[in-house]
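Below: the structure, in structure tokens.
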Protein chains: 2
Amino acid sequence: MNIMVTEKILIVDDEETLCEVLKLNLENEGYDVDIAFSAEQALTLDLREYSLILLDIMMGEISGIKMAKMLKADIKTSHIPIIFCTAKDTEDDMIMGLNLGADDYIMKPYTVRNVIARVKSVLRRTSGSKPVNASAEKPEILQIEGLQLDLEFKRCLVDGAEIKLTKKEFELLAYLISHRGKICSREQILAKVWSNEVVVLDRTIDVNITRLRTKIGKYGSYIVTRSGFGYGFSY
Amino acid sequence: MNIMVTEKILIVDDEETLCEVLKLNLENEGYDVDIAFSAEQALTLDLREYSLILLDIMMGEISGIKMAKMLKADIKTSHIPIIFCTAKDTEDDMIMGLNLGADDYIMKPYTVRNVIARVKSVLRRTSGSKPVNASAEKPEILQIEGLQLDLEFKRCLVDGAEIKLTKKEFELLAYLISHRGKICSREQILAKVWSNEVVVLDRTIDVNITRLRTKIGKYGSYIVTRSGFGYGFSY
DNA sequence: CGGATTTGTAACAATTATGAAACATTTATG
DNA sequence: CATAAATGTTTCATAATTGTTACAAATCCG
């Protein structure tokens, strides 16, 4: 047996009995299984630690579809494979057409055997794709509402959509956000973001601020100017 | 009798009686036999441990053909010989034309004696071709969907087809994949992949990235460039 | 208010990074 | 040794980034 961390699976479904049956069977296969009876409940968990999410499309207030969108829009969870569970009469095309990045989907009523097979299949496909210490890792993600900065992958999501930031823009934004609530002088910004590489004018910052503001859309107004002092990221 | 691990054989067929008969007879010959009544069920097993798979072509949802393709496409199982069982009227050419790497095939209705003979024959041909500790071995395989990197055999499969990667290409890809989700600076890449052997230019990485991208086909776009930062393997 | 100062913005210029291809060199292999 | 394969380098074209400037707009402060 190789050294491996147990794969954690989350089941999100409002049918309690079904959940229990699946949980038992999956645990029997060696997986670590958690259950959430609603999307709301699921969202209270630290979803990063799951290797796979089994998601019922038809649920209460937040539908499975909405939840899937949220998962895919959140940089911390967007890589987690999702298997949709759908009622039998749901149109095939609908699911696929949703373009939600579902890795698989299963029709109800499904057999336990079938579910396990799908789970294994998906996990086999995506094995090695999760962070090494998913649950213990320092996130390295800055997030302000719908504005997300992945400091490792150097990318920025605005309400779920990736925004291309240049290196300087990215570093500038990261600097401001990580000093949220403080006004940073141009000197400080130059020192940290521009390092001591080359000598650039103060005004360079201003221009980059402008570019940043437009790129991050509605969050642009979070970058505030304090005349005579510098810039900051507001609460 | 020499020291040998019992050879495990998997029968995948939906005719229960037939399976049992075969199982009894093969066990009588000293083999260890498991049965799966469908491809789905078979896929829940750890297939690596089998020395041979007897596969019925005509089955339920996942046909035997599809399953064989999956087996051959998965680097963990691609070495396992498969004997196809076909209905009598199946065209010979069809089987061979499938180019599935079947090691043999048998027409139904077949005699038990016949099956055993084929099994022995195939196992004789392929003996020594399986991993030493097939079931206990640490896989050491990186897999992203249809892209598979066998770190031990130093080979790469793209959707089941072997792709020849040079040493540097292989190591570079392995490095990127094992740091999936992070952007690796050229410095980091040089340090790890090029070690401190020789001094090479940054641009060497770029060129190897390009070569890699074209070689791994559609997965090439998984290798992302973050201008000014470096390269990374995306989710 | 009104001039001085600071900041926003757009356009431009300069620089740098990257991809692709071709070429050169080194290394493996028989 | 000869050949092929692998690897590194150079070059060119292009794309992307970054910095500067000029001017408009906003802000500051008497």
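Proteins come first, then strands; the chains are lettered A, B, ... in the order of their sequence lines, and each starts at number 1. When reading the values below, keep in mind they use all heavy atoms of this one structure, side chains included, and skip hydrogens, waters and symmetry mates.
- Under a cutoff of 6.0 Å and an axis angle of 45°, B:Lys8 and B:Tyr50 form a cation-pi pair.
- Ring geometry, A:Phe170 versus B:Phe229: the interplanar angle exceeds 60°, so the pair is classed perpendicular (tilted spans 30 to 60°).
- In this structure, the nucleotide among C:dT7, C:dT18, D:dG19 sitting nearest to the side chain of A:Lys168 is D:dG19.
- Looking at the side chain of B:Thr166, the nearest of the listed nucleotides D:dG8, D:dT7, D:dT10 is D:dT7.
- Contacts between residues 222-235 of chain A and DNA chain C, counted as heavy-atom distances below 4.0 Å, involve A:Thr225, A:Arg226, A:Ser227, A:Gly228, A:Tyr231.
- Computed from coordinates, the B:Arg203 CZ to D:dT10 C1' distance equals 10 Å when rounded to whole Å.
- Residue A:Asn208 contributes atom CG, which lies 8 Å from atom C1' of D:dG19 at whole-angstrom precision.
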Query raised in the report: Could you walk me through whether A:Leu54 and A:Leu10 pass the side chain to side chain contact (heavy atoms under 4.5 Å, CB included) check?
Result: CA-CA 6 Å; A:Leu54 272 167; A:Leu10 176 65; over 6 Å; no

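- Using a 4.0 Å cut-off, some side-chain N or O of A:Trp194 falls inside it from OP1 or OP2 of D:dG19.
- B:Lys168 has its side chain within reach of B:Val193: a pair of non-hydrogen atoms, C-beta onward, lies under 4.5 Å apart.
- Regarding A:Leu172, its CG atom lies at a distance of 14 Å from the C1' atom of D:dT17, rounded to whole Å.
- Following rounding to the nearest Å, A:Arg213 (CZ) and D:dA26 (C1') show an atom-to-atom distance of 12 Å.
- In terms of position along DNA chain D, the nucleotide closest to B:Glu169 lies nearer the 5' end than the nucleotide closest to the other residue of the pair A:Thr204 and B:Glu169.
- By the ring pair (Phe, Tyr, Trp, His ring centres under 6.0 Å) test, B:Tyr231 is found to be paired with no residue, residues two or more places apart in sequence or in another chain being considered.
- Atom pair B:Asp206:CG and D:dT10:P shows a separation of 14 Å (rounding to whole Å applied).
- For the pair A:Asp74 and A:Gln143, the minimum side-chain heavy-atom distance is below 4.5 Å.
- The distance between atom CZ of A:Arg211 and atom C1' of D:dT17, rounded to the nearest whole Å, is 8 Å.
- Put simply, A:Thr210 has a side-chain N or O that comes within less than 4.0 Å of OP1 or OP2 on C:dT9.
- The aromatic rings of B:Tyr219 and B:Tyr222 sit perpendicular, their planes meeting at an angle over 60°, well past the 30° parallel limit.
- Taking atom CD on B:Glu171 and atom C1' on D:dA6, their separation rounds to 13 Å, with Å as the unit.
- Summarising the geometry, the separation between CD1 on B:Ile205 and P on D:dT10 is reported as 15 Å, rounded to the nearest angstrom.
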